Asker: 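One structure, pasted below without further comment.
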Amino acid sequence: MNTRTRPTTTLVPPVEETRYEEELAQGLAEADEEAFAAIYRRWGSLVHTMATRSLGDTHEAEDVTQQVFVGAWRGRRGFRPERGTLGAWLVGITRRKIVDALAARTRRLSLIESAGQDVTPARLVQPAPDEVLDRVLLVEALSRLPLGQREVLRMAFYEDLTQAQISERTGVPLGTVKSHARRGLHRLRTAVDPVTAHDTCV
């Protein structure tokens, strides 16, 4: 089941709308994949638009859209028609997934900021389980940095070295180490949160 294709909107005559939604809800409850595909076609654009407006990033919005519909399929037994419409249920899932995405972004920014402080970030040595994915994403972002910036941040992240210690070990002037760290952190922020990064200066 692939939900990565950009959703399209299916128009439904107003007179049949309620009945059609009830049929889709019934199909979802019965694990009917054709009904689920119709659900995605009908509400996918709405979910994607909500995610894009909240996150400001199309790629991240596509990930959230996929998570919403995968979550809806897996949690289909949790839908209760007496509590609201199918569309409202999907919107509720979307809001929760957006909150999760923003929280993950905040964790990544926190990890990045800690690397720029002239202190030992001991909590980075053994990350909590919910930070593992964030660390993987950071490793990938680090690999795209220029060599000097990458090496300074790697020593800060993985060896818990302060900027002064990095300068002593590498022989690079402290001012240059700080410059590499500042520029590298700005690039990482851009990778994690382009909207916020555009509002900061190097």
Side-chain angles (χ1 to χ4, degrees), residues 1-14 16-112 128-141 143-144 187-199:
M1 179 172 51
N2 180 13
T3 61
R4 295 295 271 178
T5 304
R6 182 59 62 82
T8 57
T9 302
T10 300
L11 298 178
V12 181
E16 300 178 8
E17 187 170 355
T18 300
R19 181 186 304 171
Y20 182 62
E21 184 168 330
E22 290 174 353
E23 291 175 354
L24 292 181
Q26 182 64 31
L28 177 64
E30 296 173 354
D32 183 336
E33 292 193 10
E34 291 186 6
F36 183 70
I39 290 170
Y40 178 73
R41 288 193 299 270
R42 184 171 183 188
W43 283 285
S45 293
L46 172 63
V47 170
H48 188 272
T49 298
M50 287 179 61
T52 300
R53 288 176 178 173
S54 297
L55 300 171
D57 182 87
T58 301
H59 177 71
E60 200 169 4
E62 290 175 353
D63 288 340
V64 166
T65 301
Q66 182 178 24
Q67 291 170 23
V68 167
F69 285 95
V70 170
W73 176 259
R74 292 176 177 172
R76 58 188 179 276
R77 296 183 185 280
F79 173 62
R80 296 289 183 270
E82 64 273 14
R83 296 180 182 176
T85 65
L86 181 57
W89 183 66
L90 290 170
V91 167
I93 296 175
T94 302
R95 288 172 175 163
R96 290 193 294 274
K97 295 299 183 182
I98 289 172
V99 169
D100 290 344
L102 290 172
R105 178 187 291 179
T106 299
R107 290 196 302 271
R108 292 195 295 271
L109 288 171
S110 178
L111 287 171
I112 291 170
D130 63 351
E131 293 181 347
V132 172
L133 176 59
D134 300 327
R135 292 293 299 274
V136 170
L137 294 175
L138 284 180
V139 168
E140 197 275 334
S143 70
R144 298 198 302 268
R187 287 173 180 265
L188 289 181
R189 289 191 192 97
T190 300
V192 171
D193 186 3
V195 177
T196 300
H198 290 161
D199 296 333

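Because the structure is a prediction, the values reported are computed rather than measured. Note that these values count all heavy atoms, side chains included, but never hydrogens, waters or copies made by symmetry.
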Asker: Enter the distance from Q66:CD to K97:NZ here, rounded to the nearest 0.5 Å.
Answerer: 11.0 Å

Asker: R77 side chain to R74 main-chain N or O, any donor-acceptor pair under 3.5 Å?
Answerer: no

Asker: Quick check: does any side chain N or O of E21 sit under 3.5 Å from a backbone N or O of L86, one acting as donor and the other as acceptor?
Answerer: yes

Asker: Is the shortest heavy-atom distance from the side chain of W89 to the side chain of R83 under 4.5 Å?
Answerer: no

Asker: Please name all residues satisfying side chain to side chain contact (heavy atoms under 4.5 Å, CB included) with A37, sequence neighbours left out, ordered by chain then number.
Answerer: R41

Asker: Please name the pair of heavy atoms, one in L24 and one in A35, separated by the smallest distance, quoted to 0.1 Å.
Answerer: CD2-O, 3.8 Å

Asker: Evaluate side-chain contact (heavy atoms from CB on, under 4.5 Å) for F79 paired with R76, printing each intermediate quantity in order.
Answerer: CA-CA 6 Å; F79 173 62; R76 58 188 179 276; 5.9 Å; no

Asker: In terms of side-chain heavy atoms, does E30 have a donor or acceptor partner in Q26 at a distance below 3.5 Å?
Answerer: yes

Asker: How many angstroms lie between atom CD of E22 and atom OG1 of T85, to the nearest 0.5 angstrom?
Answerer: 10.5 Å

Asker: Could you tell me if the side chain of W73 sits less than 4.5 Å from the side chain of V68, heavy atoms only?
Answerer: no

Asker: Please work out whether the ring planes of F69 and F36 are parallel, tilted or perpendicular, with thresholds of 30° and 60°.
Answerer: perpendicular

Asker: Return yes if some donor-acceptor pair links the side-chain N/O of R53 with the main-chain N/O of M50 below 3.5 Å, else return no.
Answerer: no

Asker: On a heavy-atom basis, which atom in A72 and which in L28 lie closest, and how many Å separate them?
Answerer: O-CD1, 4.4 Å

Asker: Enter the distance from S54:OG to E60:CD here, rounded to the nearest 0.5 Å.
Answerer: 10.5 Å

Asker: Measuring from atom OG1 of T65 to atom CD1 of I98, what distance do you get when rounded to the nearest 0.5 angstrom?
Answerer: 8.5 Å

Asker: Using a 4.5 Å cut-off on heavy atoms from C-beta on, say whether the side chain of L46 contacts that of L90.
Answerer: no

